[in-house]
Each structure stands twice: as C-alpha cells, then as structure tokens.
*Asks:* 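Once you've had a glance at the structure underneath, I'll fire off some questions.
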Amino acid sequence: MCGIVAYKGHKNCYPILLDGLHKLEYRGYDSAGVACLAENGKITVTKRSGKVKQLEDGLKKNNLIENCNGSGIAHTRWATHGKPNQVNAHPHKDQSGNIVLVHNGIIENYDPIKKFLRSKKVKFKSETDTEVLVQLIGYFFNQGKLNFEQSVRAALQRVDGAYGIVVLNKKEPDVMIAARKGSPLVLGIKDKEFFIGSDISPIIKHTQQIIYLEDAQMTIIDGDEFKITSIDEDLSLPKKVEKIDFKIDDYDKGEFKYFMHKEIHEQVDTIRNTVTGRTKKGNIILHGLLDYWHEIKQADKIFITACGTSWHAGLIGKNLIERFAKVPVHVEYASEFRYNKTLVDNKSVVIAISQSGETADTLAAIKKANDCGAITVGICNVPGSSVSRETNCGIFTRCGHEVGVASTKAFTAQISILYLYALKLADSNDSMSKKTIKEHLDFGEGLKKIKHVLNKENEIKKIALKYKNANDFLYLGRGLNFPVALEGALKLKEISYIHAEGYPAAEMKHGPIALVDKDMPNVFIVPKDKTYEKIISNIEEIKSRKGKIIIITDSKDKILKDLANDLIYVPKTNHYMFCVFATIVLQLFAYYIAVGKKLNVDRPRNLAKSVTVE
Ligand code: G6P
C-alpha cells in the first residue's frame with residue numbers, strides 16, 4: 001500500500017528520497033512522486049504514474065537530482081480514490097502552491113469538505129481525497145490567522161478516516177509536520193537530520209534511533225529541533241526514542257534475484273530464531289505473555305483473528321491449541337470479526353496474527369476485542385508496529401523484515417509461535433504430560449532437515465515449469481495440512497495469477513471435482529499419518545477423472561508412485577514439522593511457476609504488502 005518517506009536536514013534530499021522510495025516499492029504501488037522545498041523557498045513537485053524508476057528518469061531529465069538541499073517528501077501511491085495516474089499521484093499542493101503534502105490512508109468525509117471548499121472558490125486538480133486535506137490546510141493557513149502548525153491541526157481535527165501525512169509549507173520553510181491517525185509513521189533521528197517513513201525500511205540505512213508516532217500524534221520539526229504533540233492540542237508529549245535492531249541486510253537481495261526467493265531460503269534460520277531461547281528443559285518461556293499468563297490460561301474461549309496468510313497460520317494454530325490444550329478456538333477473518341456478533345467477552349483471549357502489524361482490519365479487530373474486555377495477544381513480526389502496541393501482550397516472530405509481497409518466512413514463524421503457545425497452554429492446564437511436551441519441543445532434527453527440503457529446489461522447479469501454463473489448480477490436504485493447502489493455493493494465485501483453490505481433500509467431492517479434467521493439476525499433501533488411506537481414496541477419485549496428480553509426501557510407498565504424475569518427497573519427521581516442509585515446497589512451487597511466466601514475483605499486480613485500509 002502507499003508508502004511515505006520524508007527528509008529534513010542539510011543534505012541533498014533527492015538521493016535520500018529516491019532510495020527511500022525504492023525501499024518502499026515492496027509495499028505495492030502504481031505511481032510515485034516527490035516534492036522538495038529548496039533553501040530558496042521554491043517547491044518542486046515531480047510525479048509519474050508507473051514505477052519509481054520512471055520518476056527517477058523524469059528527475060534526471062530535468063537535472064533535478066543534484067539539486068536540493070532542504071526538505072523533501074515523497075510517496076508511492078496505491079490508488080483508492082481516483083485512477084492511478086500522474087495527476088492523482090502524491091504529493092498534492094493546495095491552490096496557493098504554498099503547501100504540499102503526502103498522505104497514506106483514506107479521508108472518509110472528503111466529499112462534504114470538498115463541497116465546502118468549492119463554495120470558497122477552491123479549485124481541485126485531482127480526484128483524490130488527499131487533495132481535499134491539503135486544500136483544507138491551505139484554506140486555514142491562507143486566511144492568515146493561523147500559523148502552519150495550527151492550520152494543520154485545525155484541518156486534521158475536521159477530517160474523519162485514517163491518515164499518515166507529512167506536510168511542507170514554503171512560507172515556513174524550516175518546518176516539517178507529520179501526523180498519524182490509523183496509518184503508521186516512524187520518525188528517525190540522526191543529529192540534525194530527520195527521516196520520516198511509513199515504515200522503517202526507508203530509514204534504517206540512515207539511523208537506528210526511532211520514534212514510532214502513536215495514534216493521533218503529530219511531530220513538528222522546526223530547524224534542528226522537534227516536538228511531539230497530540231493532534232487535539234499543542235501540548236508537548238514525551239519523546240520515546242527506541243533503538244531498532246533490524247539489519248540493513250534485510251533490505252538487500254544478496255545473491256537472489258527476488259526477495260521472495262531469499263526469504264524462502266531464510267527459513268532455515270528464521271524458524272530457528274523464532275523458537276530459540278523460548279524453551280528450557282521442557283518449559284516454554286514466552287516473556288511477552290508473562291504478565292497476562294494467569295488470565296490467559298484460565299480463558300474459556302480463544303479467538304484467532306488475522307488476514308491473508310496470517311489467517312492460514314491461525315487455522316493451524318486452532319488445530320494445535322485444540323489438539324494439545326483442549327480449549328475450543330474460533331478463527332475468524334479480521335474483516336469479519338470486526339463487524340460480526342462474535343461472542344467475545346472479558347473471559348476471552350483474542351490472538352491477532354499479523355506479519356506487518358499494520359493491517360487495518362486486524363487492528364480494528366483488536367480494538368473490538370479490547371473494547372469487549374478480552375485479553376489481546378499479538379503475534380507479530382514488527383516491533384513497535386500498531387499490533388504490538390495495541391494488544392495487551394504478545395510474541396514476536398523473529399524473521400527480520402519480510403519484503404516479498406507474498407508472505408513466506410513470516411508464515412512458518414507464526415506457526416512456530418502457535419506451536420509453542422499451544423504447548424505452553426497444554427502444560428498450564430495439564431492437558432498433556434511433561435514428558436510428551438518435552439518430546440514435542442525436541443526440534444533439533446526437524447530444523448536440520450529444512451535444508452534438505454530447500455535442496456529439492458531444482459526438482460521442484462522442473463515440476464513447476466511443467467505446469468506453468470495450467471489455468472486452474474486444486475490444492476488438497478487434511479487436518480493440519482488443509483490450511484497448508486489454502487496457503488499453497490494463495491501463494492500461486494498471488495504471484496502467478498493462476499486460479500487456485502485449497503480444500504480439505506475429502507471436501508473436493510462436494511463441488512470442486514466438477515472442475516477436474518485432463519488439464520487440471522491437483523496438488524495433494526499426503527503425510528503418512530492416520531488420514532493417509534483416506535487421502536489415497538481422494539486421489540483415486542481425481543485420477544479416475546484424468547486430473548493430473550502432484551503429491552507432496554514423506555512416504556515412499558509404491559501406491560503413491562503409481563498414482564502420481566509428479567512426486568516430491570520431503571524428509572521423514574513428525575507431522576507438525578511436515579506442515580512446514582510441505583509449505584516450503586509449495587512456496588518454491590509457486591515461485592518457479594511465476595518465474596517461469598516471467599512475472600515480477602516480489603511485486604505482484606494489484607497486491608500490497610501491508611494493507612492499511614479497510
Ligand atoms: C496482505 C499481504 C499478505 C498478508 C496479508 C496480511 O494481503 O499481501 O501477504 O498475508 O496482507 O498481512 P499481515 O501483515 O497482517 O500478516
């Protein structure tokens with residue numbers, strides 16, 4: 001989704017802003033723009049539809065890049081209100097040309113404000129809700145009664161919706177103002193330089209000293225000084241500076257062509273990092289939950305809420321918690337949870353799962369759960385993110401920054417956390433013996449074997465390329481592997497644009513089987529467990545309708561060989577780790593189909609990494 005980067009300092013801002021925009025590309029966008037306020041008070045706005053590269057070429061052509069010591073704001077836009085074209089791209093200016101602004105989020109009451117401003121003879125150039133906001137700031141400022149800061153505050157107090165904004169004003173060139181409500185903003189500080197980002201990716205290269213602006217806060221940078229205030233009143237708030245330890249490497253593809261490929265391979269380490277230090281002699285230590293564990297273990301209802309891939313992890317979590325701890329779990333899409341009459345109360349635990357920690361629906365679900373008095377637990381990858389701050393307590397997945405839009409390493413880390421959570425709960429409510437828990441915590445062998453799965457890459461690639469021209473896929477698995485099937489299908493859809501559906505293997509008889517013909521590949525996830533025989537019957541049903549059969553299994557039985565058009569073996573392990581192995585195979589499978597179709601794997605069309613609007 002839209003990305004923001006801004007710079008204020010003594011350096012030329014163009015290279016910093018362009019580099020920042022490149023770092024934000026992973027979020028998904030369809031146009032980009034930059035505005036610089038030079039020392040001579042001139043504002044130059046350059047925008048392009050398409051990629052940051054096109055913007056960069058435009059700036060080079062006009063000899064602008066070498067040329068601006070001062071302040072600058074830049075934006076990647078993912079269209080919501082108005083077409084993805086140059087006019088609608090940010091930054092937007094007010095009518096007087098004094099004020100320029102970038103905005104993430106949606107101004108919901110833009111229509112009445114626009115009508116009001118039109119009645120005051122304000123003329124609009126774009127179709128965006130953002131232009132309404134900058135015009136409103138301009139309207140207040142140009143009346144001459146309010147200074148810049150007061151004008152921004154006055155405008156923000158009149159808008160509904162979500163925003164993260166950065167604003168400049170050539171009449172007060174030393175000032176840069178940023179504000180957030182609903183949409184995240186991060187302030188980076190380095191001596192007399194200031195960096196603002198919608199996440200830390202454009203900032204991390206410059207400084208590790210960060211302030212995460214809290215909801216309804218604004219920062220006013222004036223010369224070398226800055227203050228944090230609330231949007232409601234000009235009262236200085238404490239500056240909570242944090243040192244972040246994300247690595248710059250996370251933003252570098254290294255030897256890989258795509259971040260997604262790199263991130264699939266990183267799972268050797270990320271799963272290990274996520275569990276390391278969290279178990280000791282058969283005990284599970286989840287520091288982030290300590291203060292609330294007494295209540296968590298007594299809760300009689302558990303809800304899991306999330307979106308996309310994180311929701312699939314939630315389905316696995318349900319299976320694990322019910323299996324190990326014998327507590328019923330209800331899993332609901334956050335977008336539904338926030339509006340449904342879900343029976344959450346002050347005896348419930350609501351687990352919200354989110355890689356980014358900024359997904360708007362997940363945040364709204366957390367708010368609802370908090371309002372109902374439930375204990376909210378975040379499983380999240382980004383320290384300082386809104387999910388980590390809005391929940392009562394939580395556990396971080398430790399995977400480093402995930403750049404590829406299609407989530408990979410975050411998913412396997414999320415299920416690792418849910419595995420620990422389920423075992424800890426089972427331990428606390430005595431639904432599993434200490435001995436069995438200890439056996440479950442013996443990850444050593446399983447973790448080592450992840451490498452063997454990744455070593456199958458060439459084999460998986462060959463099979464993937466065979467099927468790259470198929471139009472539809474079915475992914476089928478049972479029990480724990482049903483969510484894995486959903487996730488495999490989602491990966492394929494996201495990056496290859498091939499239609500794919502995940503189903504519980506037996507459920508395929510109730511509809512999807514009508515789709516099966518000789519051209520249709522069916523991916524079966526078949527661990528040698530108690531559902532094995534049943535899945536074989538499901539495979540037979542597809543086989544007899546001439547569907548192509550691709551099997552992922554840990555069983556070397558001849559029967560599978562005879563049934564499969566293609567077989568991918570993963571190492572023998574327990575059936576929890578099998579899920580992880582099968583997931584990695586499916587990630588690589590989707591990856592190679594998309595690469596075979598010459599698609600941009602990291603930036604699939606229409607998708608955004610972090611969905612910050614409802
Ligand atoms: C977007 C991303 C998905 C992700 C989902 C939830 O749709 O493209 O990869 O699974 O959001 O994101 P979250 O950050 O909350 O896990």
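In what follows, residues are counted from 1 in the order of the sequence shown. Just follow the structure's listing: the first ligand is 1, and inside any ligand the first atom is 1.
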*Asks:* Under the side chain to side chain donor-acceptor pair (under 3.5 Å) definition, can you give me all pairs with a residue in residues 327-337, not counting sequence neighbours?
*Replies:* His330-Glu332, Glu332-Thr342
*Asks:* Could you tell me which residues satisfy ring-ring contact (aromatic ring centres under 6.0 Å, His included) with Phe256, sequence neighbours excluded, listed by chain and number?
*Replies:* His261, His265
*Asks:* When you check the gap from the basic side-chain N to the acidic O, do Glu494 and Lys491 get nearer than 4.0 Å?
*Replies:*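 Between Lys491 and Glu494 there is a salt bridge, with a charged N closer than 4.0 Å to a carboxylate O.
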*Asks:* Using the side-chain hydrogen bond (donor to acceptor under 3.5 Å, both in side chains) criterion, which residues pair with Lys301? Sequence neighbours excluded.
*Replies:* Asp345
*Asks:* Provide, line by line, the atom pairs where ligand 1 and the protein bring an N/O atom each to a distance under 3.5 Å; else say none.
*Replies:*
{"unit_1": "ligand 1", "atom_1": "8 (O)", "unit_2": "Ala608", "atom_2": "O", "d": "2.9"}
{"unit_1": "ligand 1", "atom_1": "9 (O)", "unit_2": "Val405", "atom_2": "O", "d": "3.0"}
{"unit_1": "ligand 1", "atom_1": "10 (O)", "unit_2": "Thr309", "atom_2": "N", "d": "3.0"}
{"unit_1": "ligand 1", "atom_1": "12 (O)", "unit_2": "Thr359", "atom_2": "OG1", "d": "3.4"}
{"unit_1": "ligand 1", "atom_1": "14 (O)", "unit_2": "Ser354", "atom_2": "OG", "d": "3.4"}
{"unit_1": "ligand 1", "atom_1": "14 (O)", "unit_2": "Gln355", "atom_2": "N", "d": "3.4"}
{"unit_1": "ligand 1", "atom_1": "14 (O)", "unit_2": "Ser356", "atom_2": "N", "d": "2.7"}
{"unit_1": "ligand 1", "atom_1": "14 (O)", "unit_2": "Ser356", "atom_2": "OG", "d": "2.6"}
{"unit_1": "ligand 1", "atom_1": "14 (O)", "unit_2": "Thr359", "atom_2": "OG1", "d": "3.4"}
{"unit_1": "ligand 1", "atom_1": "15 (O)", "unit_2": "Ser354", "atom_2": "OG", "d": "2.6"}
{"unit_1": "ligand 1", "atom_1": "15 (O)", "unit_2": "Thr359", "atom_2": "OG1", "d": "2.5"}
{"unit_1": "ligand 1", "atom_1": "16 (O)", "unit_2": "Ser310", "atom_2": "OG", "d": "2.6"}
{"unit_1": "ligand 1", "atom_1": "16 (O)", "unit_2": "Gln355", "atom_2": "N", "d": "2.7"}

*Asks:* Would Lys262 and Glu255 pass as an ion pair if we require N to O under 4.0 Å?
*Replies:* no
*Asks:* State whether Lys461 and Glu457 are salt-bridged, where the test is any N-O pair (Lys NZ or Arg NE/NH1/NH2 against Asp/Glu carboxylate O) under 4.0 Å.
*Replies:* no
